[in-house]
2 protein chains.
Amino acid sequence: MNQGLPPQMGQSLLFLTDEQLRKGIEAMFFAYRGFTADPDRILAEKSYGRAHHRAIHFINRSPGTTVNNLLSILGVTKQSLNRVLRTLIEDGLVASTVGTRDKRERHLHLTDAGAALERELSDAQRDRMRAAYRAAGPEAVAGFRQVLEAMMDDETRQHYKAMKDRSE
Amino acid sequence: MNQGLPPQMGQSLLFLTDEQLRKGIEAMFFAYRGFTADPDRILAEKSYGRAHHRAIHFINRSPGTTVNNLLSILGVTKQSLNRVLRTLIEDGLVASTVGTRDKRERHLHLTDAGAALERELSDAQRDRMRAAYRAAGPEAVAGFRQVLEAMMDDETRQHYKAMKDRSE
DNA sequence: AGAATACGTCAGCTTTGTTGACATTCCAAG
DNA sequence: CTTGGAATGTCAACAAAGCTGACGTATTCT
């Protein structure tokens, strides 16, 4: 589309050419593979999958969250989440307790074993992220976060922003 | 781990705290969902999946590429790729021609119909990417690309860099 | 001539998503 | 106090897309 780089295009808009956008798309694809590679290796040993990792991550992040809330964060059906959650509960990694205010709800927490796995997984994932952050530097990291946030769906962005940032 | 923010930590390293890294991890997860959402909708109508999109994308990107080359870019097994490729060839979106130099190889090209679908898919994906780029600005985009590149596996990064950037 | 490479295919299995149907439990409104 | 709706759980069936292993064929390299 913008292949011809019309000479009247302002210099400041060169980063919006189709080719630049294509490189960004490919960068997302390739980077996401690296992003999941390390946890995937750990999970495979324990015969869990990415879905288990995501559940564990967000339960750790919001202890006591309800199934419904987790559902809307993860963006999957309850049947899909339930299958994952059931194995985690059976294996003693997640505790499901009946709500006190509303007894229909189940509040989810990680057990000690669950927290241990969470740490193992996120250590691996953070190691790579830390290396990437360190290599790119603080300004690049700020830009990285800005672009990712702008790429989210509106509803998703609400979830993202609602996640407590304990460092600020 | 770095929860306590030791006072002796240099200001310049604050972006490497575990909490900052966690936010980055969540940003990747949430953004990737947005990243694939638009093409996914188009693909669903035509009963194709993300795997078809990836094949189409990289065939468009490297016309005449061989099956083996595509395999190593995508990082899947030949059986998995073959299933996708077969339907694309049957449906007349991809053409497979016997190699001239080496007749064992098949060279893959998009047909006109294939190129049309590629355009439809990448237009949708680029629209979102463009909006994100525009919202974040050129410096943020540079940082975004730097962090993503640093996050890739070494082998993957070679593939990424080998992709022709027609704009430079 | 024989080994290695590139490709295709068959069969079977796994993970993770989907729909649809239906039961249970419980809160809250009438 | 009953009833409607919300939250949860479960069963069944299915699909996409990954995997392994085995095998066949054509071609090229040594």
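Labels below follow one simple rule: chain letters A, B, ... track the order of the sequence lines, proteins then strands, and each chain is numbered from 1. Quantities reported herein were computed from a predicted structural model and do not represent experimental measurements.
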Trainee: Need one value for His107(B): base, sugar-phosphate or nothing, where a base atom within 4.0 Å counts as base even if backbone is also close, heavy atoms only.
Mentor: nothing
Trainee: Can you work out whether Thr66(A) or Asp102(B) has the more 5'-proximal nearest nucleotide on DNA chain D?
Mentor: Thr66(A)
Trainee: Could you please name the option among dT8(D), dG17(C), dG8(C) that lies closest to any side-chain atom of Val67(B)?
Mentor: dG8(C)
Trainee: What about Arg86(B), does its side chain sit under 3.5 Å from the base of dG8(C) through a donor-acceptor pair?
Mentor: no
Trainee: In whole Å, what is the span from the CG atom of Leu85(B) to the P atom of dG18(D)?
Mentor: 12 Å
Trainee: Does dG18(D) have its OP1 or OP2 closer than 4.0 Å to a side-chain nitrogen or oxygen of Thr77(B)?
Mentor: no
Trainee: Taking 4.0 Å as the cut-off, does a side-chain nitrogen or oxygen of His52(A) come that near to OP1 or OP2 on dT16(C)?
Mentor: yes
Trainee: Are Asn68(A) and dT8(D) close enough that a side-chain N or O sits under 4.0 Å from OP1 or OP2?
Mentor: yes
Trainee: Please determine if Asp123(B) and Arg130(B) form a salt bridge, counting it only when a charged side-chain N lies under 4.0 Å from a carboxylate O.
Mentor: no
Trainee: Please tell me whether Phe30(A) and Phe58(B) form a close aromatic pair, meaning their ring centres lie under 6.0 Å apart.
Mentor: yes
Trainee: Does Arg83(A) reach a base, just sugar-phosphate, or nothing at all? Heavy atoms under 4.0 Å.
Mentor: base
Trainee: Between dC26(C), dA17(D), dA7(D), spot the one nearest the side chain of Glu105(A), thanks.
Mentor: dA7(D)
Trainee: Please state how far atom CG in Asn69(A) lies from atom C1' in dA7(D), giving the value in whole angstrom units.
Mentor: 13 Å
Trainee: If you pin Arg54(A) and Arg101(A) to their nearest nucleotides in DNA chain C, which one's is more 5'?
Mentor: Arg54(A)
Trainee: What I want to find out is whether Glu19(A) reaches Arg61(B) closely enough, with some N-O distance under 4.0 Å, to be called a salt bridge.
Mentor: yes
Trainee: Hey, is the side chain of Arg104(A) pairing donor to acceptor with the base of dA6(D) inside 3.5 Å?
Mentor: yes
Trainee: Find the distance Ile56(A):CD1 to dT16(C):P and express it as a whole number of Å.
Mentor: 11 Å
Trainee: Tell me: NE2 of His53(A) to P of dT15(C), nearest whole Å?
Mentor: 17 Å
Trainee: Between dG9(D) atom P and Leu81(A) atom CG, what is the distance in whole Å?
Mentor: 9 Å
Trainee: In whole angstroms, how far is the P atom of dG17(C) from the NZ atom of Lys78(A)?
Mentor: 16 Å
Trainee: When the nearest nucleotide of DNA chain C is assigned to Ser96(B) and to Arg50(A) on a heavy-atom basis, which residue is associated with the more 5' position?
Mentor: Ser96(B)
Trainee: Check whether the side chain of Gln79(A) and the base of dG20(C) form a donor-acceptor pair under 3.5 Å.
Mentor: yes
Trainee: Could you state the atom-to-atom distance from CG of Asn82(B) to P of dC23(D) in whole Å?
Mentor: 19 Å
Trainee: Tell me the interatomic distance from Tyr48(B), atom OH, to dG17(C), atom P, rounded to whole angstroms.
Mentor: 24 Å
Trainee: One thing to verify: whether Lys46(B) and Asp91(B) come together as a salt bridge, which I'm taking to mean a side-chain N less than 4.0 angstrom from a carboxylate O.
Mentor: no
Trainee: Measuring from atom CZ of Arg22(B) to atom CZ of Arg126(A), what distance do you get when rounded to the nearest 0.5 angstrom?
Mentor: 5.0 Å
Trainee: Is Asp153(A) salt-bridged to Arg128(B), cutoff N-O under 4.0 Å?
Mentor: yes
